[in-house]
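Here is the structure we will look at.
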Amino acid sequence: MRKALSLIGLLAILVAVVCLWEYTQKGRVDFICAANMRNVLTWVGLFGILSLGQAFVIITGGIDLSVGSIVGLVGISAALLLDKGNGYSPFLVIPGMLALGALIGTWHGVLITKARMQPFVVTLCGLFFYRGIARYTAKDWTQGFGSAYPDLTWLGNGFIPNENAFLPTPFLIFLILAFIVGMYLHFTAQGRHLFALGANEEAARFRACRCSAPG
């Protein structure tokens, strides 16, 4: 809790400094206006969702440098397959891309746990490899599916309950997922095992062996 309060305090100081700088330079504060907060919360939601997955890695004492490249590869591949309404169905593309991300993560896990390779090396190589594939596939052009799929667009940068509202859809999804992840980590045995693994891997393995031993 002390760490969380420290981060909140640091964020409050940063916001205060930015607002003070804006006021001294322009005589007004645009940073905390409604339009800018809507934009900030949208990006907080998008990156926050990614951070929840990264949290599991960090809690266990690991590291993953390839998250951004995997997201780019999956996103570009999805856009190319959807092809502005002239490609495959979203009901095939979206599960397929999620499966691709899970497959890549599984492959990294096998290399780290079975081949005993360092997580830093595996994910750093993955960062360059997947980014290179994404750039080659997209030919260094920004990819999207235009206005063919408004529901998907709404998930990425829409607002609830309508476009005039203040709450971005990604931020609400992030809050829901954060609640679920928090409940899992703090109120389930598997979640507490992850914290124990990150605190002391050898002790966690020894405890698991003792618990699984007969008698």
> Has Tyr88 got more than 12 heavy atoms of other residues, nucleotides or ligands less than 6.0 Å from its OH?
Replying inline: no

>> Considering only residues two or more places apart or on different chains, which pairs with a residue in residues 15-36 satisfy salt bridge (Lys or Arg N to Asp or Glu O under 4.0 Å)?
In response: Glu22-Lys26, Lys26-Asp30, Arg28-Asp30

Taking distance alone, no hydrogens or angles, what donor-acceptor pairs closer than 3.5 Å link side-chain atoms of residues 63-78 to residues at least two apart or in another chain?
unit_1, atom_1, unit_2, atom_2, d
Asp64, OD1, Ser66, N, 2.9
Asp64, OD1, Ser66, OG, 2.7
Ser69, OG, Leu127, O, 2.8
Ser77, OG, Leu73, O, 2.7

>> Looking at every heavy atom in both Trp21 and Thr24, which two are closest together, and how far apart are they?
In response: O-OG1, 2.8 Å

For residues 5-17, run the donor-acceptor check on the side chains, cut-off 3.5 Å, and write out each pair with its distance to 0.1 Å, sequence neighbours left out.
unit_1, atom_1, unit_2, atom_2, d
Ser6, OG, Arg2, O, 2.7

>> Please check this pair: side chain of Thr188 against backbone of Leu185, looking for a donor-acceptor N/O pair closer than 3.5 Å.
In response: no

Enumerate donor-acceptor pairs with a distance under 3.5 Å from any side-chain N or O in residues 94-111 to protein atoms, sequence neighbours excluded.
unit_1, atom_1, unit_2, atom_2, d
Thr106, OG1, Ala102, O, 2.8
His108, NE2, Tyr130, OH, 3.0

> Crowded around Leu155 CG? As in, over 12 foreign heavy atoms under 6.0 Å?
Replying inline: yes

> Roughly how far apart are Leu80 CG and Lys139 NZ, rounded to 0.5 Å?
Replying inline: 8.5 Å

>> Once ring pair (Phe, Tyr, Trp, His ring centres under 6.0 Å) is applied, what residue pairs with a partner in residues 50-83 remain, sequence neighbours excluded?
In response: none

> Any idea which heavy atoms bring Tyr149 and Pro90 closest together, and the distance?
Replying inline: CE2-CG, 3.3 Å

> Who pairs with Asp140 by side-chain hydrogen bond (donor to acceptor under 3.5 Å, both in side chains), at least two apart in sequence or on another chain?
Replying inline: Arg135

>> List the residues meeting side-chain contact (heavy atoms from CB on, under 4.5 Å) with Ile112, not counting sequence neighbours, and say none if there are none.
In response: Pro119, Val122

For residues 33-50, run the donor-acceptor check on the side chains, cut-off 3.5 Å, and write out each pair with its distance to 0.1 Å, sequence neighbours left out.
unit_1, atom_1, unit_2, atom_2, d
Asn36, ND2, Phe31, O, 2.6
Arg38, NH1, Glu163, O, 3.1
Arg38, NH1, Ala165, O, 2.2
Arg38, NH2, Glu163, O, 3.2
Asn39, OD1, Trp43, NE1, 3.4
Thr42, OG1, Arg38, O, 2.9

> What pairs meet the side-chain hydrogen bond (donor to acceptor under 3.5 Å, both in side chains) rule with one or both residues in residues 175-187, with sequence neighbours excluded?
Replying inline: none

If you look only at distance, which donor and acceptor atoms sit under 3.5 Å apart when one is on a side chain in residues 169-183 and the other is two or more places apart or in another chain?
unit_1, atom_1, unit_2, atom_2, d
Thr169, OG1, Trp154, O, 3.4
Thr169, OG1, Gly158, O, 3.3

> How is the hydrophobic cluster of Leu92 composed, in terms of its other members, when Ile, Leu, Val, Met, Phe, Trp and Tyr link through side-chain heavy atoms under 4.5 Å apart, directly or indirectly?
Replying inline: none

>> According to side-chain hydrogen bond (donor to acceptor under 3.5 Å, both in side chains), who are the partners of Arg192, at least two apart in sequence or on a separate chain?
In response: none

> Should we say atom CD of Gln118 is surrounded by more than 12 heavy atoms from elsewhere, each under 6.0 Å from it?
Replying inline: no

